[in-house]
There are 2 protein chains.
Amino acid sequence: MIQPRPRTIPEATVARLAVYLRVLTALADGGRSTVASGELAAAAGVNPAGLRKDLSHLGPCGVRGVGYEVRTLRDRISRVLGVERSRPCVLVGIGNLGSALSDYAGFGSRGFEFVGLFDAAPARVGQRIGGHTVRPMDELEEVVAATQASIGVITTPAEVAQSVCDRLAAAGVRSILNFAPVTLSAPPGVDVRKVDLSVELQVLAFLGQQRLVSPVEEPA
Amino acid sequence: MIQPRPRTIPEATVARLAVYLRVLTALADGGRSTVASGELAAAAGVNPAGLRKDLSHLGPCGVRGVGYEVRTLRDRISRVLGVERSRPCVLVGIGNLGSALSDYAGFGSRGFEFVGLFDAAPARVGQRIGGHTVRPMDELEEVVAATQASIGVITTPAEVAQSVCDRLAAAGVRSILNFAPVTLSAPPGVDVRKVDLSVELQVLAFLGQQRLVSPVEEPA
DNA sequence: AGCCGCTTGTGAACGCAGGAACAAAGTCGC
DNA sequence: GCGACTTTGTTCCTGCGTTCACAAGCGGCT
């Protein structure tokens, strides 16, 4: 039982690996067999040297003078990220955003499958969205236990997000993706990642405003 | 003509300022008059010292021994971020995600207003969503010019995202928020930010898998 | 008025990520 | 079979972000 890659991989690298994986999948679907770091880096929007450093965390996986074998590298990254087989996820809060996510094709094709949709509003329970039926909150724990879902997505209003987080964690969910505009606290051993859409817009607004002062960094 | 804050503010700080702004707004609505860095940092989920350093970029705005005046600080951050008044935005691609975003209350209440929704599919044109009517792509340039929209949001399929980006940039949009799973290239002077939902899930999957090896960092 | 406690703002050290340059290695052409 | 070219993997270095720790300043109490 060897551990060829026991060391930790930086989180920034993990995020980029996911991008490389997408590009590699597209290349493989296009019939491409090998690719060099320069081309891959351009497609992913990163520096070639940084890309090679990222891949070096997986061990040597390229051929000098040639490049990387597309399918081999794709499979290797899939295995490292843990998306080689589909993972069951539950989604709580079937509003507009929740409906969009549950129906988002980008998830199913990338190793994530929603096995339970939940909402507290009786009017929404029973609706069919993306091949699944919305369930009442009462069934949350039961479904998590039955499906061994390890990932939960929260798209509820901010007021109830913390209580949903608590229930998910208690039910055994170990990873939570939070779209509600609050900072959640979870017990140790549970990872929480936050996606805040309005923050992204506000950063853009700031950059746009700042450009009015120092228009563009134009080199001589 | 002095320049009290001419220097650039780190982008990571700007993102956190947006979070502080949300917390401060909630505190102000709750009638709170002052708040200390410790409490504010806890609500935002960051280190108190880092929060004070972030705020120091705005100049002295607290009172030693007391804390920060909630409303004053809120207004100051709003001004720095450039969201003191509403900004016009256009949204291209009215699929599930686009519909959700156009209807998302979190945008309107935080200084962003969609002034144009666009889609290429004739079936979607004419639909009313969130108080606006979906327009055909032909009218994109016209609406951007008429409304002086400076921010564009792309929620189209990946295949057409680059062409939409080109048209937005040509029409005068200076900031673009991209939800399509591709890396866009834009002319200089145009900022592009990318939000990749499946990357977030894949990072979570990796962290969850990694926990199986080194279960939890339990200090003695 | 003077002291004390609390909180801010800042300076310094640490760790990490990103970029450039270089050596190793493998392939293609002759 | 050998040389030259291409590309990877690594190392060094620079800069940024984060954290810790302390001095300065203000309000409240006596």
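For the numbers below, each heavy atom of this structure counts, side chains included, while hydrogens, waters and symmetry mates do not.
- A/E200 approaches B/R193 most closely through the heavy-atom pair OE1-NE, 2.9 Å.
- For the residue pair B/S175/B/D191, the side-chain donor-acceptor check at 3.5 Å is not satisfied.
- Interatomic distance, A/L17 CG to B/Q202 CD, rounded to the nearest 0.5 Å: 9.5 Å.
- Rounding to the nearest 0.5 Å gives a distance of 10.0 Å between CG of B/N96 and OG1 of B/T155.
- The interatomic distance linking B/L55 (CG) with C/dG9 (P) rounds to 7 Å, in whole Å.
- Each of C/dT10, D/dT8, C/dA21 was ranked by its minimum atom distance to the side chain of B/R52; first place goes to C/dT10.
- Using a 4.0 Å heavy-atom distance criterion, A/G50 is classed as making no nucleic acid contact.
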Grab the N/O contacts between the protein and nucleotides 2-6 of chain D below 3.5 Å, and write none if there aren't any.
none

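- For the atom pair A/S86 OG and A/F114 CZ, the distance stands at 10.5 Å (nearest 0.5 Å).
- Counting any heavy atom pair closer than 4.0 Å across all strands shown, B/A36 reaches sugar-phosphate atoms only and no base atom.
- Remark on DNA chain D: of its neighbouring residues A/K53 and A/G67, the 5'-side contact belongs to A/G67, judged by nearest-heavy-atom nucleotide.
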Considering only distance and modelled atom types, tabulate donor-acceptor pairs under 3.5 Å from the side chains of residues 59-69 of chain A, sequence neighbours left out.
| residue | atom | partner | partner atom | Å |
| --- | --- | --- | --- | --- |
| A/E69 | OE1 | A/T72 | OG1 | 3.2 |

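- Ranked by how close their nearest DNA chain C nucleotide is to the 5' end, A/P10 and A/N47 are led by A/P10.
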